[in-house]
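Lettering of chains follows the sequences in order, A, B, ..., and the numbering in each one begins at 1.
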Amino acid sequence: MLDPRYVRDNPEEVARLLLKKNFNLDIEQMQQLDSERRAVQTQAQNRRADKKRLSRQVGTLIGQGMTPEEARLQVTDQLAELDSELAALESREKELLARWNRFFMSVPNLPEEAVPEGKSEACNVELRRWGTPPRFDFTPADHVDLGAALGLDFNAGAKLSGSRFVVIRNKLARLHRALAQFMLDVQVDEHGYQECYTPYLVQSQALEGTGQLPKFAEDLFRTSTEGQHEPHYLIPTAEVSLTNLVRETVLDAQQLPIKLTAHTPCFRSEAGSYGRDTRGMIRQHQFDKVEMVCITHPSASARTLEDMTTHAEAILQKLELPYRVMALCGGDLGFGAARTYDLEVWLPGQQQYREISSVSNCRDFQARRMQARFRDPETGNPALVHTLNGSGLAVGRTLIAVMENCQDARGCIHIPEALHPYMGGVKVIERQT
RNA sequence: GGAGGGAUGACUGAGUGGUUGAAAGUACCGGUCUUGAAAACCGGCGUGGGUUAAUAGCCCACCCAGGGUUCGAAUCCCUGUCCCUCCGCCA
């Protein structure tokens, strides 16, 4: 959530920045809702103050020796009047507050000034490249064709669960596991993240904290509401579990930064992406990811975004996979992000770069929703932390990248050296047939 | 699945209808003392919102959440959520 006071005081600037993100802020509606809410709230508060004074009077009168009945009689007339007034005011107050909340919870984060203009991913700006796409003296196959003989089984996935699911077998499954282990080890051992194991099912509050709810319910898988339990949602990313670890806490300044990582499956309904990336395992309902989350002092988040990006890049470099770093334009930024870098890996089968990691600075947007704060030694008061998240990396897509970049003319996969310790001696994945 | 016990401020923990936003302790901040530090002593110390030029005052709300009883609720009643203990079942 944006700081409502800031929005109130700087509506034009806020609207201008939101427009960069393809979000049209209706200033008039916002101001009307905001001022109406405050007006009604002030009135209701004043009536409540009156009422409080009356009940205190009763207490005083009883203390002076009056019987409770007598004392009560002193205030009944005034009270009846107040009560009817209050009832009307309070129901309006409640309704306005709910509307106000819905409105402000649905406004995306402001992009930073440095974010490039642009409506769609076509306007993203390439910052740098690493590595050179491999040259083949044959036509490189994509991971679907390669995988057919190596244990990548989309039919089995469909049989069990429908479209956008996959079963992986044999050495390829081992490679998938090796990648996740390798990534987690690098982030923990080399970059100092704390390894976490977290729930894959969370409650709605957690998703509200990170911004998936209330706006993007259709992207999530929800458990049935059978019984009286609150529904659970499958996490669309470990960002939800890790970031919400600091929800409703006041941290010591010395605890910052907090660096967390976890390897989890992620579940996305992919509503609205029908027909996109239907071939292969680029876009699945279930995929594994190693996630990095940093909780920082507000002054450190810009720097941390750069650091986290290099932490994600380190994985690709160790795997010797060519990639480029993109600064997302305003129109391509996620709901909670103020600034995002995407890492795109080269896929020879598609002859293009495809997203494999996304690193975002959410500044205080999620922190405000979560009430995640630290005690600021300067003021002695709690202040909102900044939150950042990034993939380090998406495991499924990394598997694809390794397959396509490390294939040979026979359709075998040559495992990058960094993974050898994780592959139990296997250096080449041979075709089965 | 059965039986019971809980949820109070950054933390520990009192408090069962009337200036209680809430004792006490810890932590934290300021001061005295000290060469310095520690200890001791004194003082301060919740969050959100409204009003406002104000991070000054004043006001409202908040003792898990939502309803209710009452002139008045942290305290009584109902519902829900979460946590814990014991038994059963179970990866």
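Using atom C1' as the reference point in both B:U55 and B:G48, the two lie 15 Å apart (nearest Å). The same atom, C1', is picked in B:C41 and in B:C58; the two are 35 Å apart, to the nearest Å. Taking atom C1' in both B:U34 and B:U12, one finds a spacing of 32 Å when rounded to whole Å. When the C1' atom is compared between B:G72 and B:U19, the two are found 12 Å apart, to the nearest whole Å. Spacing of P atoms, B:C90 relative to B:G13, comes out at 36 Å, to the nearest Å. A distance of about 31 Å separates the P atoms of B:G17 and B:G43, rounded to the whole Å. The gap from the C1' atom of B:U8 to that of B:U16 amounts to 14 Å, rounded to the nearest Å. To the nearest whole angstrom, the two C1' atoms, one in B:C82 and one in B:G30, are 40 Å apart.
Rounded to whole angstrom, the span from the CZ atom of A:R92 across to the P atom of B:G50 amounts to 17 Å. To the nearest angstrom, P of B:G48 lies 13 Å from CG of A:D364. Atom pair A:R368:CZ and B:G48:P shows a separation of 11 Å (rounding to whole Å applied). Between the CG atom of A:L256 and the P atom of B:A10 there is a distance of 17 Å, rounded to whole Å. Look at CG on A:L97: it is 11 Å from P on B:G66, rounded to the nearest Å. Put simply, CE on A:M370 is 19 Å from P on B:U47, counting in whole angstrom units.
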Donor-acceptor pairs under 3.5 angstrom involving side-chain atoms of residues 392-405 of chain A: please list them, not counting sequence neighbours.
from: A:R397; atom 1: NE; to: A:I282; atom 2: O; distance (Å): 2.9
from: A:R397; atom 1: NH1; to: A:E355; atom 2: O; distance (Å): 2.9
from: A:R397; atom 1: NH2; to: A:I282; atom 2: O; distance (Å): 3.0
from: A:T398; atom 1: OG1; to: A:A394; atom 2: O; distance (Å): 2.5
from: A:E404; atom 1: OE1; to: A:G349; atom 2: N; distance (Å): 2.7
from: A:E404; atom 1: OE2; to: A:H143; atom 2: N; distance (Å): 2.7
from: A:E404; atom 1: OE2; to: A:H143; atom 2: ND1; distance (Å): 3.1
from: A:N405; atom 1: ND2; to: A:W346; atom 2: O; distance (Å): 2.8
from: A:N405; atom 1: ND2; to: A:A401; atom 2: O; distance (Å): 2.9

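Contacts of A:E70 classified as side-chain hydrogen bond (donor to acceptor under 3.5 Å, both in side chains), with partners at least two apart in sequence or in another chain: A:T67. Remark: A:F221 pairs with A:H285 by the ring pair (Phe, Tyr, Trp, His ring centres under 6.0 Å) rule, at least two apart or across chains. In this structure A:V144 satisfies the side-chain contact (heavy atoms from CB on, under 4.5 Å) test together with A:D142, A:F154, A:R279, sequence neighbours excluded. Among residues two or more places apart in sequence or in another chain, the salt bridge (charged side-chain N to carboxylate O under 4.0 Å, His left out) test is passed with A:E90 by A:R48. The side-chain hydrogen bond (donor to acceptor under 3.5 Å, both in side chains) test applied to A:Q57 returns no partner, not counting sequence neighbours. Every side-chain hydrogen bond (donor to acceptor under 3.5 Å, both in side chains) that A:Q317 has, sequence neighbours left out, goes to A:Y323.
Pairs of residues two or more places apart, or lying in two chains, never qualify as ring pair (Phe, Tyr, Trp, His ring centres under 6.0 Å) while including a residue from residues 34-88 of chain A.
Each of A:Q371, A:Q205, A:Q366 was checked for a side chain to side chain donor-acceptor pair (under 3.5 Å) with A:R247, and the lone residue meeting it is A:Q205.
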Are there any protein N/O atoms within less than 3.5 Å of an N/O atom in nucleotides 67-69 of chain B, and if so, which ones and at what distance?
from: B:G67; atom 1: OP1; to: A:K94; atom 2: NZ; distance (Å): 3.1

Using a cutoff of under 3.5 Å, can you pull out all pairs of nitrogen or oxygen atoms linking the protein to nucleotides 22-31 of chain B, with atom names and distances?
none

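With no hydrogens or angles considered, no side-chain donor-acceptor pair links A:D288 and A:H176 at under 3.5 Å.
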In dot-bracket form, 5' to 3', how is RNA chain B paired? Count Watson-Crick and G-U wobble pairs only if both distances fall under 3.5 Å, and write | where the partner sits on another strand.
(((((((..(((.....[.....))).(((((.......))))).((((((.....)))))).(((((..]....))))))))))))....
Take nucleotides 52-63 of chain B nucleotide by nucleotide from the 5' end and write B, S or -, depending on whether a protein heavy atom sits under 4.0 Å from the base, only from the sugar-phosphate, or from neither.
-------SBS--
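Remark: aromatic rings of A:F365 and A:F335 are close, center separation under 6.0 Å.
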